[in-house]
Structure formats: C-alpha cells, structure tokens
Amino acid sequence: IQWSSPPEAIERFKSQEIWLAPPQFYELCRLCNFTSLNELHKFNSDRALEGCERWLPVTLAAADGFIQLLPGDELYPEDPDYTGERKVTMSTDKTVEDLMREGSIFHRIVIKNTNSLAVYVNIQAKYKHMNPLMINTDSSNYNSRL
C-alpha cells in the first residue's frame, strides 16, 4: 500500500500504475481543489449542514465508449431507475466525441476504456459543494465546449 495525494493518484492512474473506478476518479478530481488537509477540513466544516444529494450514475453506451451521466447533465434521465427493476439501458449509435460536441450542460464521466477517463462538469454544484477539476487522462480535449 502506498499513500498518494489526489494529484499523485491521478498521475499514477494515467501512467497505469494503479486503476481507479470512475466514482473514485471523480472524487479525486474533486479533492484536487484543496491544497491541504486543513483546507479540506475547513470546507467540510463550513458546508456540513447544507445537505447532500442522492446520486445514481446512469450509463449511456456510445458507439466508442461510455458516459456516466450524473444529476444535472442534460442527458440525465428525468426518472432514473433507483431500484434496478426497470432494467433501463441507454445507448446511442453516436460517438462520445459527437455527444460531447452536441452537448452544452455537462455533469459526466467519459469512459473511452479502463485507462481513459475524463470528468466534465459545467453545472453549479448543489448544497455549496465543490465541483471536481475537469481532468482528462488522454489527449482528447472537449474543454472548448464548456
């Protein structure tokens, strides 16, 4: 076991030394907003009573990858299947690049493959929370659309 700061862990993921699941990658991108544990602690204390939001990532299968949609994203379903009873599968013949180019309101994790993740967020976080830094582990760049 090796301790790594959030930026170090992301760099280790980029170099394929470690693997991170998309939710952990997202949270590490959020932790990259803080330069110290004291700063994180102060942020946490200041917003502790603001509330929290229930999230259910919804996966959209594209022609060349996947997008995990999060609440607030323009493609996020109005009534997600929280129980798993409806077995809703979202898919499209469009490529990830097409979906990114056509979109304008993002709260998503783009997954090209197990070692290629990117976080795109341009919505206001609820409950005074902190959005993650938008980090892309490959050379694709969709930042110009944000």
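Keep in mind that the numbers below use all heavy atoms, side chains included, and drop hydrogens, waters and symmetry copies.
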Asker: Does Y82 reach the side chain of R54, with side-chain heavy atoms less than 4.5 Å apart?
Answerer: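 SC-SC contact between Y82 and R54 confirmed.
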Asker: Which distance, rounded to the nearest 0.5 Å, do you find between the NZ of K128 and the CG of D46?
Answerer: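 Those atoms lie 9.0 Å apart.
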Asker: R108 side chain to L70 main-chain N or O, any donor-acceptor pair under 3.5 Å?
Answerer: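 No, because the side chain of R108 does not come within donor-acceptor range (under 3.5 Å) of the backbone of L70.
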Asker: Working to the nearest 0.5 Å, report the span between CG of L28 and CG of L133.
Answerer: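 Reported to 0.5 Å precision, the distance equals 11.0 Å.
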Asker: Taking everything shown except Q124 itself, do over 12 heavy atoms lie less than 6.0 Å from its CD?
Answerer: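 Not more than 12 within 6.0 Å, no.
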Asker: Would you say the side-chain atoms of N115 pair up with the backbone N or O of K14, donor to acceptor, closer than 3.5 Å?
Answerer: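 Not confirmed, N115 side chain does not pair with K14 backbone.
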Asker: More than 12 heavy atoms of other residues, nucleotides or ligands under 6.0 Å from CZ of F66: yes or no?
Answerer: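 No, the 6.0 Å shell around CZ holds no more than 12 heavy atoms from other groups.
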Asker: Could you check whether any side-chain N or O of W19 sits under 3.5 Å from a backbone N or O of F13, counting only pairs where one atom can act as donor and the other as acceptor?
Answerer: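 Between the backbone of F13 and the side chain of W19 there is no qualifying donor-acceptor contact (under 3.5 Å).
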Asker: Which atoms form the tightest heavy-atom contact between A9 and S4, and what is the distance?
Answerer: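 Looking at all heavy atoms of both residues, the closest pair is N-CB, 3.8 Å.
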Asker: Do the side chain of N131 and the main chain of N122 share a donor and acceptor less than 3.5 angstrom apart?
Answerer: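 Not confirmed, N131 side chain does not pair with N122 backbone.
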Asker: What distance separates E102 CD from L75 CG, expressed to the nearest 0.5 Å?
Answerer: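 With rounding to 0.5 Å, CD (E102) is 9.0 Å from CG (L75).
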Asker: For E11 and P7, indicate whether the former's side chain and the latter's backbone hold a donor-acceptor pair under 3.5 Å.
Answerer: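 Side chain of E11 to backbone of P7, a donor-acceptor pair under 3.5 Å: no, none is there.
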Asker: Strictly below 4.0 Å, N to O, side chains only: are E50 and K126 in salt-bridge contact?
Answerer: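 Result for this pair is no, no salt bridge flagged.
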Asker: Any non-hydrogen side-chain atom of Y120 less than 4.5 Å from a side-chain atom of N136?
Answerer: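 When only atoms from C-beta onward are counted, N136 and Y120 do touch, with a gap below 4.5 Å.
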Asker: Where do F25 and I10 come nearest, in terms of heavy atoms and distance?
Answerer: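 That closest heavy-atom pairing would be CE1-CG2, 4.1 Å.
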Asker: So, H107 side chain and G72 main chain: donor-acceptor pair closer than 3.5 Å or not?
Answerer: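 Judged by distance alone, no pair lies under 3.5 Å.
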Asker: Minimum heavy-atom separation for L99 and T92, please, with both atom names.
Answerer: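 Scanning both residues completely, I find the closest heavy atoms to be CD1-CG2, 3.8 Å.
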Asker: Tell me, do R30 and H129 make a side-chain contact under 4.5 Å, heavy atoms counted?
Answerer: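 With C-beta onward as the side chain, the pair touches.
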Asker: SG/C29 to CD1/I135 distance, rounded to the nearest 0.5 angstrom?
Answerer: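 So the gap between those two atoms works out to 4.0 Å.
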Asker: Looking only at non-hydrogen atoms, find the nearest pair between I105 and I123 and report the distance.
Answerer: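 Result for this residue pair: CG2-CG2, 3.6 Å.
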Asker: Could you check N33 against F43 for side-chain contact (heavy atoms from CB on, under 4.5 Å), going step by step and ending with a plain yes or no?
Answerer: CA-CA 11 Å; N33 285 293; F43 169 79; over 6 Å; no
Asker: May I ask you to test the I18-L20 pair for a side-chain heavy-atom distance under 4.5 Å?
Answerer: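 The answer is yes; the side chains approach within 4.5 Å.
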Asker: Ring centroid separation for W55 and Y26, is it under 6.0 angstrom?
Answerer: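 Yes, the ring of W55 comes within the 6.0 Å limit of the ring of Y26, centre to centre.
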Asker: Which atom names give the shortest non-hydrogen contact between G103 and E74, and what distance separates them?
Answerer: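 It is CA-OE2, 2.7 Å.
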Asker: Mind checking the CD-CG spacing from E39 to N44? Nearest 0.5 Å is all I need.
Answerer: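 Rounded to the nearest 0.5 Å, the CD-CG separation comes out at 12.5 Å.
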Asker: Quick one: does L69's side chain get under 4.5 Å of P57's, heavy atoms only?
Answerer: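 Not in contact.
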Asker: List in chain and number order the residues that pass side-chain hydrogen bond (donor to acceptor under 3.5 Å, both in side chains) with Q24, two or more places apart in sequence or in another chain; answer none if no residue qualifies.
Answerer: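 Applying side-chain hydrogen bond (donor to acceptor under 3.5 Å, both in side chains) to Q24 gives none.
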Asker: Atom NZ in K112, atom CG in D138: separation rounded to 0.5 Å?
Answerer: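 K112 atom NZ to D138 atom CG measures 6.0 Å (nearest 0.5 Å).
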Asker: Salt bridge (Lys or Arg N to Asp or Glu O under 4.0 Å) for E8 and R12? Distances and angles first, verdict last.
Answerer: CA-CA 6 Å; E8 290 168 341; R12 291 181 66 212; over 6 Å; no
Asker: Looking only at heavy atoms, which two atoms of P132 and V121 are closest? And how far apart?
Answerer: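 Taking every non-hydrogen atom into account, CG-CG2, 3.7 Å.
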Asker: Take a 6.0 Å sphere around CG of N113 and say whether it holds more than 12 heavy atoms from other residues, nucleotides or ligands.
Answerer: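 Yes, because the 6.0 Å sphere around CG of N113 holds more than 12 heavy atoms from other groups.
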Asker: If you draw the axis of the six-membered ring of Y127, does the NZ or CZ of R47 fall within 45° of it and under 6.0 Å from the ring centre?
Answerer: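 No cation-pi geometry.
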Asker: May I ask you to decide if D64's main-chain N or O and T95's side chain share a donor-acceptor pair within less than 3.5 Å?
Answerer: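 Side chain of T95 to backbone of D64: no pair is present.
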